[in-house]
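Within every chain, numbering begins at 1; the chains are lettered A, B, ... in the order of the sequence lines, protein sequences first and strands thereafter.
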There are 2 protein chains.
Amino acid sequence: MTNKLIDKDEHIMEASLAIKAIAHPLRLKILCVLAGDELSVQEIVDSVGTTQSNISQHLAILRDKGVLATRKDANRVFYRIGDPRTLKLVGMMRDVFCST
Amino acid sequence: MTNKLIDKDEHIMEASLAIKAIAHPLRLKILCVLAGDELSVQEIVDSVGTTQSNISQHLAILRDKGVLATRKDANRVFYRIGDPRTLKLVGMMRDVFCST
DNA sequence: TCAAAATATAAGTAGTTGCTAATTTAGTGC
DNA sequence: GCACTAAATTAGCAACTACTTATATTTTGA
């Protein structure tokens with residue numbers, strides 16, 4: 001019927017928003033260190049390597065778009081990938097960019 | 001050894017650049033109408049729906065990043081997806097965003 | 001050679017993004 | 001309550017993006 005990969009404008013917009021969320025190197029790296037794991041903000045800061053404020057802002061972007069979910073424990077906040085589609089996307093990135 | 005999805009910074013940057021290229025709704029739509037096909041600029045303008053100048057500028061972005069390849073025939077220019085990784089990426093988008 | 005069609009480029013500008021630095025909020029334990 | 005740690009928020013600014021409008025280039029065909 002059609003050979004277009006995505007044929008509804010609504011799907012285009014949805015995909016575009018999701019892709020934008022992960023198109024920033026710091027955010028992509030955050031998603032990579034969170035793969036499978038659940039980490040506190042400080043652990044993410046240590047792994048990714050920029051300021052706490054900067055990480056916090058990127059976490060907020062990902063959280064607001066529904067990509068990340070959070071859990072609070074005492075005075076720390078733990079983040080994990082809460083959106084299965086994003087997990088799938090990031091996994092696919094590895095196949096495309098990290099294979100021979 | 002590691003559970004990170006992508007573990008080299010160089011891969012992160014590479015992936016991030018590629019993702020940025022397709023993160024714009026018009027560019028994603030261009031890639032979708034080009035799936036499999038080879039189309040002239042005017043055909044892309046008609047399919048995607050904005051000005052010729054705007055399309056031309058987005059085509060230039062995709063061309064400069066090596067995503068699209070071109071072929072000139074008379075006074076028309078035909079574009080096609082020239083990067084297999086991008087084709088794979090856009091295909092995967094469909095799986096993620098267009099399934100039940 | 002001239003007009004028309006197809007595409008590309010350039011200049012200007014509004015809107016967005018991403019950072020830094022400073023401040024604030026919330027929770028813990030003394 | 002106070003000091004400390006963890007995290008979020010705010011303000012300001014520099015850089016970048018995407019669009020519009022106008023113009024240039026290339027090719028065709030009469």
Side-chain angles (χ1 to χ4, degrees), chain A residues 9 12-34 37-82, chain B residues 9 12-34 37-82:
Chain A
D9 276 7
I12 295 271
M13 283 308 301
E14 198 183 347
S16 171
L17 286 174
I19 298 166
K20 263 190 202 162
I22 70 173
H24 188 285
L26 281 184
R27 289 198 292 273
L28 183 55
K29 200 167 177 185
I30 288 172
L31 291 172
C32 286
V33 304
L34 281 182
D37 268 345
E38 184 194 56
L39 297 176
S40 71
V41 175
Q42 191 52 54
E43 290 172 311
I44 297 170
V45 170
D46 294 341
S47 293
V48 172
T50 174
T51 64
Q52 178 269 322
S53 171
N54 195 9
I55 287 290
S56 193
Q57 290 176 60
H58 283 297
L59 289 174
I61 290 170
L62 292 168
R63 178 170 24 85
D64 293 350
K65 300 197 181 191
V67 172
L68 297 183
T70 64
R71 177 177 68 85
K72 199 164 189 180
D73 181 21
N75 63 346
R76 280 183 301 174
V77 178
F78 290 86
Y79 281 81
R80 66 185 180 282
I81 296 181
Chain B
D9 277 6
I12 296 271
M13 283 307 302
E14 198 182 349
S16 170
L17 286 176
I19 298 166
K20 263 189 203 162
I22 71 173
H24 187 284
L26 281 185
R27 288 198 291 271
L28 183 55
K29 201 168 176 188
I30 288 171
L31 292 172
C32 287
V33 304
L34 281 182
D37 268 344
E38 182 193 58
L39 297 176
S40 71
V41 175
Q42 191 54 54
E43 289 173 312
I44 297 170
V45 169
D46 293 342
S47 293
V48 172
T50 175
T51 63
Q52 178 269 321
S53 172
N54 195 9
I55 287 290
S56 192
Q57 289 177 61
H58 283 296
L59 289 174
I61 290 169
L62 292 168
R63 178 172 20 88
D64 293 350
K65 299 196 181 191
V67 172
L68 297 183
T70 65
R71 177 177 68 84
K72 199 164 190 180
D73 181 19
N75 61 348
R76 281 184 300 176
V77 178
F78 289 87
Y79 281 82
R80 65 184 180 282
I81 297 182

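The listed nucleotides are D:dC19, D:dA7, D:dT9; the one nearest the side chain of A:Val77 is D:dA7.
Between A:Ile12 and B:Pro25, the closest heavy-atom pair is CG2-O, 3.6 Å. Minimum heavy-atom separation, B:Lys65 to B:Leu17: NZ-O, 4.3 Å. Of all the heavy atoms in A:Ala21 and A:Val67, the pair that sits closest is CB-CG2, 4.5 Å.
As judged by a 4.0 angstrom heavy-atom cut-off over every strand, A:Ser53 is placed among the base-contacting residues. Using a 4.0 Å heavy-atom criterion, one finds that B:Phe78 contacts no nucleic acid atom at all. If you check every strand for non-hydrogen atoms under 4.0 Å, A:Gln42 touches sugar and phosphate atoms only.
Across B:Ile55, B:Ile61, B:Ile22, a single residue satisfies side-chain contact (heavy atoms from CB on, under 4.5 Å) together with B:Arg27, and that is B:Ile61.
For the residue pair B:Glu43 / B:Ser47, no side-chain donor-acceptor distance below 3.5 Å is found, with atom types taken as modelled.
Checked by atom type and distance alone, the side chain of B:Ser16 pairs as donor or acceptor with a backbone atom of A:Ala23 at under 3.5 Å. Although no hydrogens or angles enter the test, the distance criterion places no donor-acceptor pair under 3.5 Å between the side chain of A:Thr70 and the main chain of A:Tyr79.
The phosphate of D:dT17 has neither OP1 nor OP2 within less than 4.0 Å of any side-chain N or O from B:His58. Between A:Tyr79 and D:dA6 there is no side-chain N or O to OP1 or OP2 distance below 4.0 Å.
D:dT9 atom C1' lies 11 Å from atom CZ of A:Arg63, rounded to whole Å. Here the P atom of nucleotide D:dC19 and the CD1 atom of B:Ile55 are 9 Å apart, to the nearest Å. When the P atom of D:dA6 is taken as reference, atom CD1 of A:Ile44 falls 14 Å away, rounded to whole Å.
Comparing A:Thr50 and A:Arg76, the nucleotide of DNA chain C nearest to each residue sits closer to the 5' end for A:Thr50. Of the residues near DNA chain D, A:Asn54 and B:Ile61, the one whose nearest nucleotide (by heavy atom distance) lies more toward the 5' end is A:Asn54. Place A:Leu59 and A:Lys20 on DNA chain D by their nearest nucleotides, and A:Leu59 ends up nearer the 5' end.
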Checklist outcome for this item: Protein-proximity profile, nucleotides 24-30 of chain D, B/S/- by nucleotide at the 4.0 Å heavy-atom cutoff, equals --SBS--

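In this structure, B:Leu59 CG and B:Leu39 CG are separated by 10.5 Å, a value rounded to the nearest 0.5 Å.
Contact annotation: side chain of B:Gln57 to base of D:dT17, donor-acceptor pair absent below 3.5 Å.
The nucleotide range of DNA chain C contacted by chain A, defined by atoms under 4.0 angstrom from heavy atoms of the protein and reported 5' to 3', is C:dG18 to C:dT28.
No more than 12 heavy-atom neighbours from other residues, nucleotides or ligands sit within 6.0 angstrom of CZ on B:Arg76.
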